[in-house]
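Input: a single structure, listed below in structure tokens.
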Amino acid sequence: MAVQVADAPGAGTEPERQTFKPDLERIEIELLLEGIFRHYGFDFRAYAYASIRRRLWKRIEEEGLSSVSALQERVLHEPEMMEKLLLDLSINVTAMFRDPGFYCTFREHVIPLLRTYPFIRIWHAGCSTGEEVYSMAMLLSEEGLYDRSRIYATDINEVVLQRAKAGIFPLERMQEYTDNYIRAGGKRSFSEYYTAKYGGALFDQSLTKNVVFSQHNLVTDRSFSEFTSSSAATFSYTSTRLCSPRCTVSFTTVSRCSECWYLGARKRCASWRVKTVMSRSRPRKKSSGR
């Protein structure tokens, strides 16, 4: 006589989420983010709740866990888990010449202003894997300004910074980048900037000779220099408080000494593309100092 035997609980199945209680889950998420901030110094407490929740559950499911609290225990006691979660929470959506209109505007309106400076400092905050840093380096090179420029490329995530330093990008995206480059007013053949190598497109290392890559938390760390131009096209995609005192401490410092700064096209707090500070736009007297 055949007898059906029930599977052991949990055998061959993914862990199920606990009964969904929105208020309790919000408390769990707030406690996790507070713990990350206190233990690791990464501050995601001001980020859009829906986006953070989605990314946390992605990691929870991939690790076979059942709750935010279970993830919290792993994150606070296992640095390797924090590294994984940091990749999940960081916004790494980027592309070369991602907003061609911005680069056209930069060439037309900002480059003439930068020519009046003896030395140029540009800050790319939240640079991710560096595509837009390389884009700016190309533009400055074509305008004859790169040799007297320094680009500071910062991100909260050390992993993506290492990728940016390597300068190797997917070959399959080169056609997209070429189209962006042309629309952005590029003056050379885009293919001159890279060679097919290591299974990808290796970009000319001369593009990073004047680039300083550094880990920097835009929410909690202060600006570390005076800049001629600043960009944060990636960072504020998820932050809901870019215009709050805590998140703008770096930009407030920068705006006092920057001629222009750019926050990208998809911002909740700022809809403008390029802001040029005209009150200090008189030509600079050239000096030997940097």
Side-chain angles (χ1 to χ4, degrees), residues 94-128 130-154 164 177 179-188 190 193 206-213 218 223-237 242-243 248 250-267 269-287 289-290:
T94 185
M96 288 192 178
F97 298 94
R98 179 167 56 150
D99 183 354
F102 160 72
Y103 291 95
C104 288
T105 301
F106 197 93
R107 285 183 190 271
E108 181 179 357
H109 297 288
V110 180
I111 288 297
L113 183 61
L114 297 185
R115 293 190 192 282
T116 68
Y117 283 78
F119 193 72
I120 301 164
R121 292 182 177 88
I122 295 177
W123 181 19
H124 274 272
C127 70
S128 187
E131 283 87 335
E132 291 168 87
V133 175
Y134 283 81
S135 301
M136 182 58 67
M138 293 177 212
L139 187 155
L140 292 172
S141 177
E142 292 176 1
E143 297 297 334
L145 296 176
Y146 187 68
D147 287 340
R148 55 187 173 103
S149 299
R150 180 160 297 132
I151 301 174
Y152 296 84
T154 66
Y177 293 172
D179 294 341
N180 287 349
Y181 172 77
I182 294 171
R183 292 165 55 207
K187 297 181 178 181
R188 297 171 57 182
F190 186 70
Y193 288 110
S206 67
L207 293 173
T208 56
K209 69 178 183 179
N210 292 341
V211 177
V212 177
F213 291 99
L218 190 57
S223 172
F224 45 84
S225 185
E226 291 188 355
F227 299 95
T228 322
S229 178
S230 305
S231 171
T234 303
F235 167 78
S236 56
Y237 178 78
L242 183 62
C243 293
T248 56
S250 293
F251 281 116
T252 300
T253 304
V254 168
S255 65
R256 295 192 189 112
C257 54
S258 292
E259 289 296 350
C260 62
W261 45 300
Y262 168 65
L263 292 181
R266 299 184 62 183
K267 305 299 163 277
C269 300
S271 60
W272 29 264
R273 300 288 185 90
V274 177
K275 178 178 179 180
T276 304
V277 184
M278 301 305 297
S279 61
R280 282 165 36 90
S281 61
R282 295 187 300 274
R284 270 30 179 197
K285 293 181 180 180
K286 293 190 176 183
S287 65
R290 290 191 174 185

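All figures in this text were calculated on a predicted structure; none of them were measured in a lab.
Looking at residues two or more places apart in sequence or on another chain, you find no side-chain hydrogen bond (donor to acceptor under 3.5 Å, both in side chains) involving Y146. Every ring pair (Phe, Tyr, Trp, His ring centres under 6.0 Å) that F97 has, sequence neighbours left out, goes to Y103, Y181. The side-chain hydrogen bond (donor to acceptor under 3.5 Å, both in side chains) check on E143 picks up R107, R115, K187, with sequence neighbours excluded.
The CD1 atom of I111 sits 7.0 Å away from atom CD1 of I120, with the distance rounded to the nearest 0.5 Å. For the atom pair OG of S135 and OH of Y177, the computed distance is 8.5 Å after rounding to the nearest 0.5 Å.
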>> side chain to side chain contact (heavy atoms under 4.5 Å, CB included) for T208 and F213? Distances and angles first, verdict last.
In response: CA-CA 9 Å; T208 56; F213 291 99; 4.2 Å; yes
>> Evaluate V212 against R150 for side chain to side chain contact (heavy atoms under 4.5 Å, CB included), listing each step before the verdict.
In response: CA-CA 7 Å; V212 177; R150 180 160 297 132; 3.9 Å; yes
> Checking side chain to side chain contact (heavy atoms under 4.5 Å, CB included) for the pair L114/F106: CA distance, chi angles, key distance, verdict?
Replying inline: CA-CA 10 Å; L114 297 185; F106 197 93; 3.9 Å; yes
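Panel note: side chain S141, backbone A137; no donor-acceptor pair is recorded below 3.5 Å.
Under the 4.5 Å side-chain criterion, counting only non-hydrogen atoms from C-beta, L145 is not in contact with Y117. Residues D147 and K209 meet the side-chain proximity criterion, which asks for heavy atoms closer than 4.5 Å. By the 4.5 Å heavy-atom criterion applied to side chains, I182 and F190 are not counted as neighbours. The shortest distance between side-chain heavy atoms of H124 and I151 falls below 4.5 Å.
A salt bridge is defined here as a Lys NZ or Arg NE, NH1 or NH2 lying under 4.0 Å from an Asp or Glu carboxylate O, and R98 with E132 meets this definition.
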